[in-house]
Amino acid sequence: MTPAPESAGTAPIVPAVVDWFLENQRPLPWRGADPWGVLVSEFMLQQTPVHRVLPVWHDWQERWPTPSALADASVADALRAWGRLGYPRRARRLHEAATAITENHEGVVPDSEEELRALPGVGEYTAAAVMAFAYGRRSIVLDTNVRRVLARAVEGRALPPAHVTTVERTSATALWPTSDDVSALWSASVMELGALVCTARSPECDVCPLQSTCAWVRAGRPALAHVPRRQARFEGSDRQVRGRIMALLRDADSFLTASALAAAWPDAEQRDRALAGLVADGLVVRHGRGSYSLPE
DNA sequence: AAGGCGTGGTC
DNA sequence: TGACCAAGCCT
């Protein structure tokens, strides 16, 4: 095995995880893609598994290979191409981001965290990910996978807190490699370890490169001290109704009447509430006489 | 600053 | 089977 590049002051877990990554990483198509391809992948991967993103990402790369290409398309086309990826507000925000990049950044995905964070739909994680994976720069990439690995290996906890904390940022910054090259490689490596080995439900500690040093393993893999709050039920929720309405509108050639949308959900009150929410979110447009469509 | 926001695979 | 979980963001 080739020794991983190492810089002075680097935490010892870094070369172990990087070496593991160089042998075990998945050949994901957005690795080494241009910054726009990386940005699109990051939007799609927000709360959506890799295997569901893959076909949609390829489709988007072909249809809209640049920010200006997407900006020239309609929001409706973006929402239809988004399909069933979920959280369609991401598709709308990605379209808005493409417009902002075209108008304010000469069509080039910006290469500073501050400018990236100013784009709609780009938060702390996505900005850091684009810096690392598109531009090879040092940034503290704290996604759910990285946070879980660090919570276990460093803190000895079963899972990280519900939301990113200042303590996590400080702790991560202290151990993060200082050079751009090693930092970007480490970011991809620790994220992949969390995705493939140090998983939430059934971590494979037997094959983990951190097995001998992991604080959580050393402590006997203790369970979480406090049970996290459960995710809201989906069946019967407004989210389910919103999804049904969006599916009808994606499949429609043009406008749909309110009575046509009644097929989405039997309860009129809940249906109307969901529809009003979609309109407020800019995902649906109401035209005259109670007809609806996706936004142009 | 918790909770809303889609969808589907997994166990 | 139903509950958990998934490269978060926004308010």
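In what follows, every chain begins at residue 1, and chains take the letters A, B, ... in the order their sequences are listed.
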Quick one: [X] [atom1] to [N] [atom2], roughly how many Å, whole number?
X	N	atom1	atom2	answer
A:Phe234	B:dG8	CZ	C1'	9 Å
A:Arg233	C:dC4	CZ	P	11 Å
A:Leu278	B:dG4	CG	P	16 Å
A:Met44	B:dG6	CE	P	16 Å
A:Arg92	B:dG6	CZ	P	14 Å
A:Asp281	B:dG3	CG	C1'	14 Å
A:His51	C:dC5	NE2	P	17 Å
A:Glu204	B:dC11	CD	P	11 Å

Next item on the list: Please go through A:Phe255's hydrophobic cluster and name the other residues, only I, L, V, M, F, W, Y counting, with side-chain heavy atoms under 4.5 Å joining them.
Entry: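 Listed partners: none, A:Phe255 stands alone.
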Notebook entry, point to check: Taking the hydrophobic residues Ile, Leu, Val, Met, Phe, Trp and Tyr, and joining any pair whose side-chain heavy atoms are under 4.5 Å apart, which ones share a cluster with A:Val284?
Noted result: A:Val75, A:Leu79, A:Val241, A:Ile245, A:Met246, A:Leu248, A:Leu249, A:Leu256, A:Leu261, A:Trp265, A:Leu275, A:Leu278, A:Val279, A:Leu283, A:Tyr292, A:Leu294
Notebook entry, point to check: Just checking, any donor-acceptor pair under 3.5 angstrom between side chains of A:Gln46 and A:Tyr125?
Noted result: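 No pair is found: no donor N or O on one side chain lies under 3.5 Å from an acceptor on the other.
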Margin query: Quick one about A:Ser189 and A:Trp20 (side-chain donor to acceptor, distance below 3.5 Å, no hydrogens or angles considered), yes or no?
Written below: no
Notebook entry, point to check: Want to settle it: does A:Gly243 or A:Ser202 sit nearer the 5' end of DNA chain B, counting the closest nucleotide to each?
Noted result: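 That would be A:Gly243.
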What integer number of Å spans the [atom1] atoms of [N] and [M]?
N	M	atom1	answer
B:dG4	C:dC4	P	15 Å
B:dT10	C:dA7	P	14 Å
C:dC9	B:dG8	P	23 Å

Next item on the list: Considering just the side-chain nitrogens and oxygens of A:Arg229, establish if one lies under 4.0 Å of OP1 or OP2 belonging to B:dG3.
Entry: yes
Item checked: Short side-chain N/O contact to B:dT10 OP1/OP2 from A:Arg201, under 4.0 Å -> no
Check: Where the side chain of A:Asp238 is defined as all heavy atoms beyond and including C-beta, which of B:dT10, B:dC5, B:dG6 is the nearest nucleotide?
Finding: B:dC5
Let me have the donor-acceptor pairs involving side chains of residues 197-212 of chain A, under 3.5 Å, with sequence neighbours excluded, atom names and distances please.
from: A:Thr199; atom 1: OG1; to: A:Ser202; atom 2: O; distance (Å): 3.1

Margin query: One character per nucleotide, please: for nucleotides 6-11 of chain C, 5' to 3', B when the base has a protein heavy atom closer than 4.0 Å, S when only the sugar-phosphate does, - otherwise.
Written below: BBBSS-
Return all side-chain donor-acceptor pairs below 3.5 angstrom for residues 226-235 of chain A, not counting sequence neighbours, or 'none' if the list is empty.
none

Which pairs of donor and acceptor atoms, one on a side chain in residues 29-36 of chain A, lie under 3.5 Å apart (sequence neighbours left out)?
from: A:Arg31; atom 1: NE; to: A:Gln25; atom 2: OE1; distance (Å): 3.3
from: A:Arg31; atom 1: NE; to: A:Arg26; atom 2: O; distance (Å): 3.0
from: A:Arg31; atom 1: NH2; to: A:Glu192; atom 2: OE1; distance (Å): 3.2
from: A:Arg31; atom 1: NH2; to: A:Glu192; atom 2: OE2; distance (Å): 3.1
from: A:Asp34; atom 1: OD1; to: A:Trp36; atom 2: N; distance (Å): 3.2
from: A:Asp34; atom 1: OD1; to: A:Gly37; atom 2: N; distance (Å): 2.8
from: A:Trp36; atom 1: NE1; to: A:Trp64; atom 2: O; distance (Å): 2.9

